[in-house]
Amino acid sequence: MNTEINKENVLPETIEPRDFIRAIIDADIKSGRYESRVHTRFPPEPNGYLHIGHAKSICLNFGIAQEYNGLCNLRFDDTNPSKEDIEYVNSIKEDVKWLGFDWGDREFYASDYFDQLYEYAVQLIKKGKAYVCDLSPEEIREYRGTLTTPGRESPYRNRSVEENLNLFERMKKGEFPEGSKTLRARIDMSSGNINMRDPVIYRILYAEHHRTGNKWCIYPMYDFAHCFSDSIERITHSICTLEFEDHRPLYDWFLNELNVYHPQQIEFARLNLSHTVLSKRKLIQLVSEGFVKGWDDPRMPTISGLRRRGYTPEAIRNFCNRIGVAKRDSTVEIGLLEHCIREDLNKRAPRAMAVLNPLKVVIENYKEGLTEELEAINNPEDMSMGTRKVPFSRSIYIEKEDFMENPPKQFYRLAPGREVRLRYAYFIKCIDVIKDETGEIKELRCIYDPSTRGGDAPDGRKVKATLHWVSAEHSIEAEVRLYNSLFTKEDPDDVEEGKTFLDYINPESLIILNSCRVEPSLSIVKPGDIYQFERQGYFCADPDSIEGKPVFNRTVTLKDTWAKIKKKL
RNA sequence: UGGGGAGUCGUCCAGCGGCAGGACGGCAGACUCUGGAUCUGCUUACAGGGGUUCGAAUCCUCUCUCCCCAGCCA
């Protein structure tokens with residue numbers, strides 16, 4: 001018994017996805033570096049909502065901490081008050097929690113360290129490794145040089161330590177206007193790495209900070225704040241994305257100069273997803289310019305959008321595990337995300353019948369006024385979810401798509417003279433098609449076989465199709481929102497001359513269906529409730545639902561073989 | 001034409017001197033009261049050239065291609 005428990009504890013660790021970061025950590029643990037501790041951090045800037053790309057980083061950082069019995073801090077990188085807001089810190093906390101991760105009492109803010117950071121800057125000045133520079137932003141740019149030509153040294157580079165100390169203190173006191181002075185690291189203006197050409201480490205900003213209020217008018221830059229925040233928190237492995245690779249020499253430089261605890265920065269490739277955009281700038285634009293209805297619009301790749309769409313934390317975590325971690329730029333097909341949510345929901349979503357585009361069917365030989373309660377299975381994948389009763393009567397609705405007057409050979413749903421099964425009900429055969437003046441099909445007349453009650457024919461007769469349906473009088477009306485990909489292009493950033501990603505927004509990314517009919521068991525739903533509408537897909541009750549008129553978001557369709565065939569016809 | 005990275009099936013990830021593997025997709029079939037699910041089979045890849053080696057995706061070398069960096073953003 002003991003060995004079995006042991007196995008269970010050990011097994012998940014050995015089957016966890018391996019990657020180059022975990023390989024580095026394994027080696028560090030083995031060599032005893034960082035006392036064999038593992039302590040990571042997830043460091044979002046609170047200037048936007050988290051998206052699926054952040055989920056990759058969250059799963060990586062929190063996942064590694066869990067696997068190695070270490071810790072992961074949630075740290076807000078809030079060094080730029082002009083862009084950041086409390087609204088974002090709240091949404092970020094909610095999203096990380098919802099994804100299933102716990103940072104315990106380790107909720108930190110770079111702004112918690114402003115005093116310490118200031119002290120570090122003073123020490124750097126005292127070492128002659130930082131100076132106050134009076135160059136304007138434009139001048140700094142000119143002096144920086146270009147990618148291929150070295151920069152020039154600032155005329156203020158050789159100020160005395162005393163003068164620098166004095167000036168820096170006066171910057172802090174608010175004696176100088178915004179933009180008039182900066183504190184710069186004194187490194188190497190001819191470095192091939194532009195980050196090392198005397199980078200700005202403090203700038204003057206008269207902005208109210210969401211946590212420190214008006215205490216400060218100078219704020220540290222990312223490169224300066226981040227490495228020391230990691231150091232203060234005794235992070236072991238500081239995992240970030242590839243674009244920070246050439247900031248690593250600077251990360252190391254600061255920590256070495258001040259000879260403080262030194263975490264290792266490791267970079268991995270950020271997630272790209274086909275048919276969507278993940279840059280914060282573009283996401284903000286979609287929201288602020290009204291291309292979507294908000295950060296949690298179900299078409300958004302944000303965590304809150306995915307949540308409203310009906311995605312589960314389990315599916316997202318599973319997706320993040322499957323895509324792996326590496327250093328090469330890559331774009332994951334959205335199909336993999338869809339696969340993950342189907343896989344999860346197939347096991348847990350109760351089934352229901354919903355007719356999205358109703359076509360009335362009258363069963364002529366069924367007794368008028370009669371209602372039968374037929375038993376339906378809630379989830380064939382999980383019989384413990386039980387059964388429910390679905391009312392059946394003489395008038396029902398079926399899906400318009402499930403009938404064709406002149407069907408091609410591959411179509412085996414309802415057609416004139418053809419018999420099909422109504423799920424959990426009866427076999428019916430179409431005997432007449434009623435049209436209006438324009439030739440549009442208004443109603444079908446059918447007859448049923450009473451001996452097939454429940455869906456099986458005693459004579460062993462087979463039908464090729466089973467249709468979902470609802471009783472006309474018992475069903476209730478619902479609104480259904482069908483979502484398709486937000487962009488028509490696999491890579492929305494691959495734009496033609498003169499166009500932007502906004503020109504590739506899918507006009508059919510949202511299709512609202514207002515007169516859907518759903519089975520009566522769906523009259524009371526809570527936002528977030530998930531269902532599989534049989535033969536159609538997974539749907540999730542939206543917060544816009546009102547009593548008697550539920551609203552459902554389509555999370556994802558079921559795999560649809562017929563749709564594939566139809567395309568080829 | 002400076003610096004930093006990266007090139008393996010259509011896509012993503014393994015493989016670290018010994019038969020190139022998994023997942024998603026695609027195709028074909030089995031099964032099915034969801035054209036769902038499930039199951040089976042198949043398909044396709046080491047950027048290129050030289051070398052080292054009995055043996056190279058892996059080591060060396062040259063070349064090519066792609067990505068990132070010139071915010072007082074992160």
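Sequence lines set the chain letters: A, B, ... in the order given, protein chains first and strands last, and positions in each chain run from 1. Any value given below was found using the heavy atoms of this structure, including those in side chains, with hydrogens, waters and symmetry copies removed.
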Can you give the donor-acceptor pairs under 3.5 Å from side chains of residues 185-197 of chain A to other protein atoms, not counting sequence neighbours?
unit_1: A:R186; atom_1: NE; unit_2: A:R157; atom_2: O; d: 3.0
unit_1: A:R186; atom_1: NH2; unit_2: A:N158; atom_2: OD1; d: 2.4
unit_1: A:D188; atom_1: OD1; unit_2: A:S190; atom_2: N; d: 2.8
unit_1: A:D188; atom_1: OD1; unit_2: A:S190; atom_2: OG; d: 2.8
unit_1: A:S191; atom_1: OG; unit_2: A:N193; atom_2: N; d: 3.0
unit_1: A:S191; atom_1: OG; unit_2: A:N193; atom_2: O; d: 3.2
unit_1: A:N193; atom_1: OD1; unit_2: A:N195; atom_2: N; d: 3.0
unit_1: A:N193; atom_1: OD1; unit_2: A:N195; atom_2: ND2; d: 3.1
unit_1: A:N193; atom_1: ND2; unit_2: A:D246; atom_2: O; d: 2.9
unit_1: A:N195; atom_1: ND2; unit_2: A:D246; atom_2: O; d: 2.9
unit_1: A:R197; atom_1: NE; unit_2: A:R144; atom_2: O; d: 3.0
unit_1: A:R197; atom_1: NH1; unit_2: A:S191; atom_2: O; d: 2.5
unit_1: A:R197; atom_1: NH2; unit_2: A:R144; atom_2: O; d: 3.1
unit_1: A:R197; atom_1: NH2; unit_2: A:T146; atom_2: O; d: 2.5
unit_1: A:R197; atom_1: NH2; unit_2: A:T149; atom_2: O; d: 2.9

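In this view, A:S111 and A:D78 satisfy the side-chain hydrogen bond (donor to acceptor under 3.5 Å, both in side chains) rule, not counting sequence neighbours. With sequence neighbours excluded, the residues that form a salt bridge (charged side-chain N to carboxylate O under 4.0 Å, His left out) with A:R348 are A:E314, A:D344. Every residue two or more places apart in sequence or in another chain that forms a salt bridge (charged side-chain N to carboxylate O under 4.0 Å, His left out) with A:D112 is listed here: A:R211. Listed by chain and residue number, nothing satisfies the side-chain hydrogen bond (donor to acceptor under 3.5 Å, both in side chains) test with A:T276 (two or more places apart in sequence, or in another chain). Residues forming a salt bridge (charged side-chain N to carboxylate O under 4.0 Å, His left out) with A:E169 (at least two apart in sequence, or on another chain): A:K173. When the side-chain hydrogen bond (donor to acceptor under 3.5 Å, both in side chains) test is applied to A:D560, no partner is found at least two apart in sequence or on another chain. Residues meeting the salt bridge (charged side-chain N to carboxylate O under 4.0 Å, His left out) test with A:R453, sequence neighbours left out: A:E372.
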B/S/- along nucleotides 20-31 of chain B (protein heavy atoms under 4.0 Å) is ---SSSSS----

Per-nucleotide protein contact string for nucleotides 68-74 of chain B, where B marks a base within reach and S marks sugar-phosphate only (heavy atoms under 4.0 Å, - for neither)
BBBSBSB

Give the dot-bracket string for RNA chain B, reading 5' to 3', where a pair is Watson-Crick or G-U wobble with both distances under 3.5 Å, ( ) marks pairs inside the strand, [ ] marks pairs crossing earlier ones, | marks a partner on another strand, and . marks unpaired.
.((((((..((((....[..)))).(((((.......)))))....(((((..]....))))))))))).....

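Note on residues 43-60 of chain A: no pairs pass salt bridge (charged side-chain N to carboxylate O under 4.0 Å, His left out), not counting sequence neighbours.
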